[in-house]
Participant: 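Dropping the structure in here first, questions after.
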Amino acid sequence: MDRYLVFGHPVRHSKSPFIHTLFARQTQQELEYGLAESAVDEFAQALRTFFDQGGKGCNVTVPFKEQAFTLVDRLSPRAKRAGAVNTIKLTDDGVLLGDNTDGAGLVADLKSHGVTLADSRILLLGAGGAARGALAPLLAELPSELVIANRTHTKAQQLAAEFCDLGPVTAQTYEQLAGPFDLVINSTSASLQGELPPLTPALIHTDIAIYDMMYGASDTAFISWAKQHGARQTMDGLGMLVEQAAEAFTVWRGIRPGTKQVLRELKRNLGVI
């Protein structure tokens, strides 16, 4: 039976085995999917050992995405742009192909919620790996403007300069931000600590769409804050998790699973519904 893993540290909380087991059942694919929690300095060896022992593919999560980028034999165009790898496939000719499905998962989830990206004005909070992975897929949807805001403004400037060839992307400080925005995406990990980006409530209006890449059994701090200030459409990153997994499954197996039922099952598993 074909074997797949998710590498991370920590990784015991990962829902990837749950998601991919449902995908396999749905598409009648014979595979098993497990967890691999490697020490930070042992990831490279663990990855080589997994494929030497017959592994077919893996997902890579925090903190190994940038390291995985340097360990594969070949990179997909979107992995090159993201500077990080979250999906690895052993090809038929024995090559380790590194891909990044995070941005595609984000865009797919936004569209599933009816969010219009073309000609929209988007605010992206954060300038780390999550933001980097999202930029090219978002710009491919042809927004009118994409503004990056980050606590360390120079990082936002560097990121905007790196992606400006793909579309109208600029960097602003939090103090410079002026609305209206159609969509605000929080790519920072602030919600994991129950914290908020330093965003003024004046930017929130009833027709804005709010997206937090983090998720939990209840609203994240950012989503709760946005609702308090009048946002009617709010989304967390659970759908992105499922959509990026579906993209990875397609890379591995050549068949795209449906995501709606799997997302419902995942929410039930988490106690969200």
Side-chain angles (χ1 to χ4, degrees), residues 1-9 11 14 16-17 19-20 23-24 27 29-108 128-141 158-159 161-167 187 240-257:
M1 185 177 290
D2 291 346
R3 293 174 54 235
Y4 296 85
L5 287 176
V6 56
F7 285 94
H9 188 90
V11 79
S14 174
S16 291
I19 294 168
H20 284 285
F23 283 162
T27 57
Q29 295 286 298
E30 292 289 329
L31 61 86
E32 60 180 31
Y33 189 108
L35 300 170
E37 186 162 316
S38 300
V40 175
D41 59 352
E42 296 175 358
F43 170 63
Q45 182 58 53
L47 186 69
R48 281 192 293 269
T49 299
F50 171 65
F51 283 107
D52 287 345
Q53 294 178 349
K56 294 293 185 180
C58 66
N59 288 126
V60 182
T61 188
V62 176
F64 299 131
K65 292 183 183 182
E66 288 77 20
Q67 194 175 348
F69 181 87
T70 69
L71 295 174
V72 296
D73 302 314
R74 193 166 73 226
L75 293 163
S76 71
R78 57 190 178 184
K80 285 181 183 178
R81 268 294 185 177
V85 162
N86 80 330
T87 300
I88 301 175
K89 175 185 179 179
L90 180 65
T91 66
D92 291 340
D93 54 356
V95 170
L96 288 185
L97 171 66
D99 201 353
N100 191 302
T101 65
D102 286 333
L106 170 65
V107 168
R132 177 180 291 275
L135 273 168
L138 285 171
L139 290 169
E141 296 298 318
Q158 290 166 3
L159 204 54
E162 189 175 333
F163 284 83
C164 65
D165 61 312
L166 298 183
S187 78
M240 175 181 171
L241 176 68
V242 175
E243 293 291 349
Q244 67 81 23
E247 186 78 9
F249 192 93
T250 307
V251 169
W252 293 329
R253 310 299 293 187
I255 183 170
R256 177 168 290 278

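Since the model is a prediction, treat every value here as computed from it, not as a measurement. Index from 1, following the sequence.
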Participant: Tabulate below the donor-acceptor pairs under 3.5 Å that side-chain atoms of residues 244-253 make, not counting sequence neighbours, or state none.
Facilitator:
unit_1 : atom_1 : unit_2 : atom_2 : d
Gln244 : OE1    : Asn86  : ND2    : 3.2
Gln244 : OE1    : Thr101 : OG1    : 3.0
Gln244 : NE2    : Leu241 : O      : 3.2
Glu247 : OE1    : Arg256 : NH2    : 2.4
Glu247 : OE2    : Arg78  : NH1    : 2.9
Glu247 : OE2    : Arg78  : NH2    : 3.0
Thr250 : OG1    : Ala246 : O      : 2.8
Trp252 : NE1    : Ile88  : O      : 3.0
Arg253 : NE     : Gln29  : OE1    : 2.8
Arg253 : NH1    : Asp2   : OD2    : 2.8
Arg253 : NH1    : Tyr4   : OH     : 2.9
Arg253 : NH2    : Gln29  : OE1    : 3.1

Participant: Between CD of Glu42 and CG of Leu47, what distance do you get to the nearest 0.5 Å?
Facilitator: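 The CD atom of Glu42 sits 13.0 Å away from the CG atom of Leu47.
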Participant: Tell me, with the steps shown, if Phe7 and Phe64 meet ring-ring contact (aromatic ring centres under 6.0 Å, His included).
Facilitator: CA-CA 8 Å; Phe7 285 94; Phe64 299 131; 7.4 Å; no
Participant: Between CG of Leu166 and CZ of Arg81, what distance do you get to the nearest 0.5 Å?
Facilitator: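 Answer for the CG-CZ pair, Leu166 versus Arg81, is 4.0 Å.
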Participant: So which heavy atom on Ser14 is nearest to which on Val6, and how close?
Facilitator: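 Closest heavy-atom pair between Ser14 and Val6: OG-CG1, 3.9 Å.
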Participant: Over all heavy atoms of both residues, which pair between Ala131 and Ser187 is shortest? Give the atoms and the distance, please.
Facilitator: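 Heavy atoms of Ala131 and Ser187 come nearest at CB-OG, 3.5 Å.
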Participant: Nearest 0.5 Å, what's the CZ-CD distance between Arg132 and Gln158?
Facilitator: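 The CD atom of Gln158 is 9.0 Å from CZ of Arg132, to the nearest 0.5 Å.
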Participant: Would you say Leu71 and Leu96 make side-chain contact, with heavy atoms under 4.5 Å?
Facilitator: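 Result no, sub-4.5 Å side-chain heavy-atom pair not found.
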Participant: Taking all heavy atoms of Glu243 and all of Ala108, pick out the closest pair and write down the distance.
Facilitator: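 Here Glu243 and Ala108 meet closest at OE1-CB, 3.7 Å.
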Participant: With a cut-off of 3.5 Å and sequence neighbours excluded, list every side-chain donor-acceptor pair involving residues 31-40.
Facilitator:
unit_1 : atom_1 : unit_2 : atom_2 : d
Tyr33  : OH     : Asn59  : OD1    : 2.6
Glu37  : OE1    : Val11  : N      : 3.0
Glu37  : OE1    : Arg12  : NH1    : 3.3
Glu37  : OE2    : Arg12  : NH1    : 3.1

Participant: Please give me the minimum heavy-atom distance between Ala84 and Asn100, naming the atom from each residue.
Facilitator: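 Here Ala84 and Asn100 meet closest at O-ND2, 3.0 Å.
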Participant: Please report the closest heavy-atom contact between Arg74 and Thr91, naming both atoms and the distance.
Facilitator: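 Smallest heavy-atom distance, with atoms named: NH2-CG2, 4.2 Å.
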Participant: Would you check if there is a donor-acceptor pair between the side chains of Asp99 and Thr87 at a distance under 3.5 Å?
Facilitator: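 On atom types as modelled, these side chains do not qualify, holding no pair under 3.5 Å.
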Participant: Find the distance between CG (Leu5) and NE2 (His20) and round it off to the nearest 0.5 Å.
Facilitator: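 The NE2 atom of His20 is 11.0 Å from CG of Leu5, to the nearest 0.5 Å.
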Participant: Does any non-hydrogen side-chain atom of Glu162 lie less than 4.5 Å from one of Leu135?
Facilitator: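 No. Closest side-chain heavy atoms not under 4.5 Å.
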Participant: Any chance you could measure Leu90, atom CG, to Asp52, atom CG, to the nearest 0.5 Å?
Facilitator: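 With rounding to 0.5 Å, CG (Leu90) is 10.0 Å from CG (Asp52).
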Participant: With respect to Val85, which candidate in Leu97, Leu75, Thr70 satisfies the side chain to side chain contact (heavy atoms under 4.5 Å, CB included) definition?
Facilitator: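 It is Leu75, the one option of Leu97, Leu75, Thr70 that forms the side chain to side chain contact (heavy atoms under 4.5 Å, CB included) with Val85.
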Participant: Hey, is CG on Asp93 packed in by over 12 heavy atoms from elsewhere, all under 6.0 Å?
Facilitator: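 Yes, CG of Asp93 has more than 12 neighbouring heavy atoms, counting only those of other groups under 6.0 Å.
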Participant: Would you tell me whether Thr49 and Gln45 have side-chain atoms, one donor and one acceptor, within less than 3.5 Å of each other?
Facilitator: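 There is such a pair (donor and acceptor under 3.5 Å, judged by atom type) between the side chains of Thr49 and Gln45.
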Participant: Please determine whether side chain to side chain contact (heavy atoms under 4.5 Å, CB included) holds for the pair Phe23 and Ile255, giving the CA-CA distance in whole Å, both sets of side-chain angles, and the decisive distance to 0.1 Å.
Facilitator: CA-CA 10 Å; Phe23 283 162; Ile255 183 170; over 6 Å; no
